[in-house]
Number of protein chains: 2
Amino acid sequence: MTAPPHETRPRNTGRALPDTQQGMRRRNLARVLHSVSAEGPLSRAGVAARIGLTRAAVSTLVDELIRAGLLEELGPERPARVGRPGSALTVSDRGPAGIGAEIGVDHLAVCAVDLRGAVRARAVRHGGNRGRAPGPVLEDLTALIHRVVAEAERAELWPAGLAVAVPGLVAGDGRTVVRAPNLDWLDTDLGGLLPADWPLTVDNEANFGALAELWLVDGTPRDFLHVSAEIGIGAAIVVDGDLLRGARGFAGELGHVPVRPDGPACACGGRGCLERYAGEEAVSRAAGVEPRGDTVRLLQERAEGGDEGVRAALRDAGTALGIALTGAVNLLDPETVVLGGALAGLSPWLLPSLEAELTGRTTGPACPVTVSGLGSEGPLLGAAHSVVRAVLDDPASVAGRS
Amino acid sequence: MTAPPHETRPRNTGRALPDTQQGMRRRNLARVLHSVSAEGPLSRAGVAARIGLTRAAVSTLVDELIRAGLLEELGPERPARVGRPGSALTVSDRGPAGIGAEIGVDHLAVCAVDLRGAVRARAVRHGGNRGRAPGPVLEDLTALIHRVVAEAERAELWPAGLAVAVPGLVAGDGRTVVRAPNLDWLDTDLGGLLPADWPLTVDNEANFGALAELWLVDGTPRDFLHVSAEIGIGAAIVVDGDLLRGARGFAGELGHVPVRPDGPACACGGRGCLERYAGEEAVSRAAGVEPRGDTVRLLQERAEGGDEGVRAALRDAGTALGIALTGAVNLLDPETVVLGGALAGLSPWLLPSLEAELTGRTTGPACPVTVSGLGSEGPLLGAAHSVVRAVLDDPASVAGRS
DNA sequence: TTAATTTGTCAACGGCCATGACGAATAGGC
DNA sequence: GCCTATTCGTCATGGCCGTTGACAAATTAA
């Protein structure tokens, strides 16, 4: 039988698994693992109370997760209250690992994160990649990956997947880089150029950065806007704890939101786009700084040093950002706006004018703007954690391996 | 046991029901009903083939749905191919009905829609409501509701819920109107002023209009932007077949997206908001028309009559809309933009300049802009159908009643 | 009339969680 | 030191639910 012509599944099921008993089992495995992962060491009884299953059911689920190497038994708990003490369970630190990789404009980085969320291995290679062909860059990256994987394997971890953060737009297939302006890459399928030993995901670094914020920073709401400026100015939109990708996967192009409709022409075909006011090139020109490899650091140093020209340029960029974000906040009603990537370091000089625009243009309480605490680590960590989350969300998918 | 401190459910489950056997049954009931609803009369075997369950399982599910009055047996099918002919099943037209209501600035409307999607009863009351207190308006509305319900009941339908579309912002509780500028209502809980005989939902008319577009117009994609102008200018954002509501439920405020950051001051506190260029008041002023009850119709007549001043005003409004939508499209990457509400009637004069901005400011294929086919019926139909969809999505929720 | 095919149903079965009972392991009271 | 209350983990049993396999019914094709 072929696929039905219409959508015949009810809305609520979403991407849920088939509504079969195995699907139910699968989801319950995930709930048990999630519960232990989120709330530290826990006894079987503790898990049962939290997720609403019986102790007996949790026992069989836990057995399965232990056999799969995802949970570990720590032995008897310190008895805090009367009654037989439970046997503490933890997520294993010798099970699957998420391998995250980042292709930056002037560096490559790879790391391995275990199920507990700890970084267990990492490798970095400094050096500009602007204009280098994909082949050599990915050869270098593959070398780093193999080094990190080897180190992870010495720690009895095994890679459950590879996620790569790139500074550019990624097609819906999750493998092809459509356009990476700062690398000069066009329509490059990374799948053929990277080791095929593990499931591969490729995504925009802004998206991974936003997910890192969501997963790793306490207090991050489930609806927020994560703005970063590495490639132009990108926004990752998180709705109910999930990335909003858009119909073609190109959502979040904040850089080309019109700020002054009659402003200077932009490469995108429009006029007065945000990038012409707050993009790296525009800001450095306004600041009288010659663009180079790490312009951002230079700007930051000059601003810290009190260079009034640089500060004024950043103030103006903040104003433009505030105008564009006013539109975005009106449309999306996020709980917060988070400045990440290069913007985080420059925030002391961007924020005042940005917030002035945002509050001045809104009635009622303005949307709070915060600065990412992860700094430039976000995309790499987000990539590695995305693999870990995939395992936590469906442990059965890796139960067969080891 | 109290609620767990963290979110311990894996992401994929979304709003899914508890992962129990009854939950599975519930979802499968929904899948069967959905399947019959979407693909016309179908035999049990046909349903089984489509949703991937066995004929035996479908049989018991169908029995339950028939007992609940949601499905009907039509008798033997016309045998098209060899083999015993199946017994055709249809969604019942004597089961639950969705009651939709609309509070417009100058009319009230109520209708009843059966499970098949047919409008089975309706009532309208013309007359302006601008500035009337909520009490009298809702009394009038209640009278219309009772009339429609009585008519539906004569057709052996029973109301499964009441959904009310209002021209204003609605709080997250789905009952309270936070602000309805054109009615002059503030923080009004409609729950206490409407019949409490059925589950009540209150939502923005733009949201219901967008849902109507999604559910009733063939070819509507699952990711689109629905722009309407009744209260200011609102956009309903549909992502993967679901409304994007935002953290506070206020998403879609397109009217206050900055179009010219140094433009005229707006009541919202900002400057140069879209509403100052394309809002009803701004357009009628630019056109030299005195605002009154049904300004939109007046503008439409004048434009049709060839009034160059009105046409120029609408062109300018289209330009402003195009600028604001460029920002929205860049952020959200929708598959299409749909003009609904009052904008649909004015589209002949808005579209050219709107599309010129949109295509001129984008590289690659521009996001297509279409005009709603539902006209002013959208919100009312969307409201009624939202109740019907709720039944289709979880038939067990109404199985007890009748 | 016979063979082939498809439908709807039934009985038996297997997977999965709930129920209830049990031994094990602890704290507190005497 | 001993007994009771409490909690933990496990086991056997049962109920719910979809699957499997078989069968009668109803149709077409030969």
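Everything quoted here is computed from the prediction, not taken from an experiment. Below, chain A is the first sequence line, B the second, and so on; all start at residue 1.
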Remember a base hit wins even if backbone is also touched, and classify A:A45 as base, sugar-phosphate or nothing at under 4.0 Å, heavy atoms. sugar-phosphate

Indicate, with a heavy-atom threshold strictly under 4.0 Å, whether A:S43 touches base, sugar-phosphate, or nothing. sugar-phosphate

Rounding to 0.5 Å, atoms OG (A:S43) and CZ (A:R55) come to a distance of 9.5 Å

Pair B:N28-B:R25, side-chain donor/acceptor within less than 3.5 Å: no

Under a 4.0 Å heavy-atom cut-off, which of residues 83-90 of chain A touch DNA chain C? A:G83, A:R84, A:P85

Gap between atoms CZ and C1', on B:R27 and D:dG18 respectively (whole Å): 14 Å

Between D:dT19 (C1') and B:L53 (CG): distance, integer Å: 10 Å

For A:R78 and D:dC8, give me the distance from atom CZ to atom P, rounded to whole Å. 16 Å

Rounded interatomic separation in angstrom, taking CG from A:L61 and C1' from C:dC16: 9 Å

Answer yes when A:E73 and A:R44 have at least one side-chain N-carboxylate O distance shorter than 4.0 Å, and no when they do not. yes

Quick one: does B:D114's side chain have a donor or acceptor within less than 3.5 Å of a partner on B:A97's backbone? no

A:R27 backbone acceptor or donor facing A:R31 side chain under 3.5 Å: no

Check whether any side-chain nitrogen or oxygen of A:S59 sits under 4.0 Å from OP1 or OP2 of D:dG9, and answer yes or no. no

Indicate yes or no: does B:R222 engage B:E335 in a salt bridge with an N to O separation below 4.0 Å. no

C:dT19 phosphate, OP1 or OP2, under 4.0 Å from A:R55 side-chain N/O: no

Checking side chain to side chain contact (heavy atoms under 4.5 Å, CB included) between A:V91 and each of A:L115, A:V388, A:L70, which is the one that passes? A:L115

In whole angstrom, what separates A:E73's CD from D:dT10's P? 7 Å

Given the options A:L65, A:L42, A:L74, A:I66, A:L89 meets side chain to side chain contact (heavy atoms under 4.5 Å, CB included) only with A:I66

Rounded to whole Å, how long is the line connecting atom CG of B:L42 with atom P of C:dT6? 16 Å

Show each protein N/O and nucleotides 14-16 of chain D N/O combination with a separation under 3.5 Å, one pair to a line.
{"from": "D:dG15", "atom 1": "N2", "to": "B:Q21", "atom 2": "NE2", "distance (Å)": "3.4"}
{"from": "D:dC16", "atom 1": "O2", "to": "B:Q21", "atom 2": "OE1", "distance (Å)": "2.5"}

Looking across every strand, which nucleic acid part, if any, lies under 4.0 Å from A:A57 by heavy atom: base, sugar-phosphate, or nothing? sugar-phosphate

Distance, rounded to the nearest Å, where B:R44 contributes CZ and D:dA26 contributes P: 14 Å

Contacts of type salt bridge (Lys or Arg N to Asp or Glu O under 4.0 Å), residue B:R116, not counting sequence neighbours: B:E72, B:D93

Whole angstrom is fine here: how far is it from CG in B:L74 over to P in C:dG8? 13 Å

Using a cut-off of less than 4.0 Å, is there contact between a side-chain N or O of B:N28 and OP1 or OP2 of D:dC17? no

